[in-house]
Amino acid sequence: MRLGINLGYWGAGMDGDNLAVAQEADRLGYDVCWAAEAYGSDAPTVLSWVAAQTESIDVGSAIMQIPARQPAMTAMTAATLDSLSGGRFRLGLGVSGPQVSEGWYGVEFDKPLARTREYVEIVRKAMSRERLSYEGQHWTLPLPDGPGKPIKLTVHPQREHIPLYIAAIGPKNLEQTGEIADGALLILPSAEHLEDTAVKYLRAGREKTGKTMEGFDVCPTLPLAVGDDIHGLADMFRPYTALYVGGMGSRKQNFYNRLAQRMGYEEEAAEIQDKYLSGDKNGAAAAVPHRLIDQTTLLGPVERIAERMRAYAAAGVTTLTLAPAGFTLDERITALRAGTDALERSGLA
């Protein structure tokens, strides 16, 4: 099992620290450094900055939002980043959610599965430097009855095949991801529930194309905090878990809330959402069960974290992405180093 690092969103007051964390991860031998985007910093700019100041670590978008860019633009960006980084770019894609898609980008959040499939097909075709023509439900290239003509990408990526990941949560999205992508980006993953909430759907998608899980990258992100006070460490992540389970999306459409329900937290997920959407964020955080936090983070001394890493590997994880917690750079670096120490102790390195 490999390790990754997730820098989260740039511009949260830790920009210089994030670069230092990425550089230390590079020095420690972490496999990939991911950056996110929502409606603040964009991922490609951050990744170009990191790639320019690291040596061997891959850089990946977790995620570039599908409603934010035309697919050909995404192919251009991916090819450019792969070329500039010396073949170290990984393209992570996702549909975002209805509030961001429609409120920020003005793109209707309809038929996300079909839209994702077409988007991936166009991106792959463009990155392969074929002349780009496509007829689908959501995109037609070139536009008919106009001056447009099939053209091809002029930039040469460093590699013939840039790894493509999709952020997936729901069963249908996971199955499609197994079918059309090289890896899956997962969030709020529980080793105890990973087979039933994710891996079996990914496997079904692979089987549709006659493939096994061999070579497919199962890549969840887990917050990491090191110490002896397990409950105290878990409390650090109450607002984080409450945000996703209670506040992401709407009451009608919250993918993370549904995930918590599939993990057996139906009543708790409903209570967290009720309190969060009513404005009681503190109450929502307090309503998050300790066990849910403990199952979806890495908490405790290094040996306990190593034990949890073994559980994730047994559940099918191939790249474990860490989000080291800490209020200072030293705390985050210490957690980062503990991650490599735990991996060594686990026997999985």
Side-chain angles (χ1 to χ4, degrees), residues 6 8-9 34 36-39 62-63 65-67 92-104 109 112-113 116 165-177 184-202 218-224 234 236-298 312 315 317 321-323 325:
N6 195 317
Y9 302 107
W34 302 96
E37 66 180 22
Y39 41 91
I63 54 164
Q65 298 169 102
I66 285 174
L93 299 171
V95 293
S96 188
Q99 292 167 317
V100 173
S101 182
E102 299 190 9
W104 187 245
F109 192 80
L113 289 177
T116 298
Y165 294 68
I166 295 174
I169 301 175
K172 291 181 180 179
N173 192 5
L174 286 160
E175 185 171 323
Q176 178 172 274
T177 296
L185 300 172
L186 309 177
I187 196 166
L188 293 181
S190 163
E192 294 78 8
H193 300 93
L194 204 61
E195 170 65 25
D196 289 334
T197 60
V199 174
K200 72 177 183 182
Y201 301 110
L202 294 170
V218 180
C219 184
T221 292
L222 285 100
L224 166 69
M236 293 173 55
F237 299 116
R238 287 188 175 279
Y240 166 85
T241 307
L243 169 64
Y244 278 91
V245 175
M248 286 287 191
S250 63
R251 186 178 298 277
K252 182 180 179 181
Q253 200 165 33
N254 181 324
F255 308 118
Y256 311 98
N257 190 279
R258 294 176 189 170
L259 174 60
Q261 292 181 45
R262 293 201 302 275
M263 290 165 57
Y265 296 98
E266 294 91 347
E267 294 182 5
E268 296 89 342
E271 181 183 0
I272 294 165
Q273 187 177 61
D274 285 343
K275 290 184 175 180
Y276 203 100
L277 295 181
S278 69
D280 183 9
K281 295 181 180 180
N282 291 334
V288 177
H290 168 79
R291 182 168 173 76
L292 174 58
I293 300 172
D294 195 23
Q295 286 181 329
T296 54
T297 59
L298 293 174
Y312 279 101
V317 172
T321 298
L322 308 180

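Side chains are part of it too, since the values below use all heavy atoms of this structure and drop only hydrogens, waters and symmetry mates.
The backbone N or O of Ala191 sits nowhere less than 3.5 Å from a side-chain atom of Gln295 that would complete a donor-acceptor pair. Distance alone, capped at 3.5 Å, is enough to place a donor-acceptor pair between the Glu37 side chain and the Gln65 backbone.
Applying the salt bridge (charged side-chain N to carboxylate O under 4.0 Å, His left out) definition to pairs two or more places apart or across chains, those involving residues 287-296 are Asp294-Arg304. Legend: salt bridge (charged side-chain N to carboxylate O under 4.0 Å, His left out) pairs involving residues 250-272, not counting sequence neighbours, sorted by first then second residue: Arg251-Asp274, Glu271-Lys275.
Taken to the nearest 0.5 Å, the CD1 atom of Ile166 stands 12.0 Å off from the CG atom of Leu186. The line from CG of Leu113 to CD of Glu175 is 10.0 Å long, rounded to the nearest 0.5 Å. Note that OG1 of Thr221 is 8.0 Å distant from CH2 of Trp34, once rounded to the nearest 0.5 Å. In this structure, CG on Leu185 lies 11.0 Å from CD1 on Ile169, to the nearest 0.5 angstrom. Separation of atoms CG (Asn6) and CG (Leu222) is listed at 10.5 Å; rounding is to 0.5 Å. To the nearest 0.5 Å, atom CG of residue Leu259 and atom CE of residue Met263 are 6.0 Å apart.
Residues Ile63 and Ala167 approach most closely at CG2-CB, 3.6 Å, considering heavy atoms. Here the closest non-hydrogen pair linking Pro223 and Phe237 is CB-CE2, 3.4 Å. Here the closest non-hydrogen pair linking Lys200 and Asp196 is CE-O, 3.4 Å. In this structure, Cys219 and Thr321 approach most closely via the heavy-atom pair SG-OG1, 3.2 Å. Closest approach of Gln273 and Asn254 over heavy atoms only: NE2-CB, 3.8 Å.
Applying the side chain to side chain contact (heavy atoms under 4.5 Å, CB included) rule to Ala315 yields the partners Leu194; only residues at least two apart in sequence or on another chain are considered. Every residue was checked against the side-chain hydrogen bond (donor to acceptor under 3.5 Å, both in side chains) condition with Thr296, not counting sequence neighbours, and none meets it. A search for side chain to side chain contact (heavy atoms under 4.5 Å, CB included) contacts involving Pro98 returns Phe109, Gln253, not counting sequence neighbours. For Tyr265, the ring pair (Phe, Tyr, Trp, His ring centres under 6.0 Å) test picks out no residue, with sequence neighbours left out.
With a 4.5 Å cut-off on side-chain heavy atoms, Ser96 and Trp104 do not count as touching. Contact of the Ile272 side chain with the Pro289 side chain is registered, since non-hydrogen atoms from C-beta on lie closer than 4.5 Å. At least one side-chain heavy atom of Leu243 sits under 4.5 Å from a side-chain heavy atom of Tyr276. Looking only at side-chain heavy atoms (C-beta outward), Val317 and Pro220 come within less than 4.5 Å of each other. Using a 4.5 Å heavy-atom threshold, the side chains of Leu93 and Thr116 count as separate. Proximity of Arg238 to His290: side-chain heavy atoms (C-beta onward) are separated by under 4.5 Å at one or more points. The side-chain heavy atoms of Leu202 and Thr177, taken from C-beta on, include a pair separated by under 4.5 Å. Within the 4.5 Å cutoff, the side chain of Tyr244 has heavy atoms near those of the Ile187 side chain.
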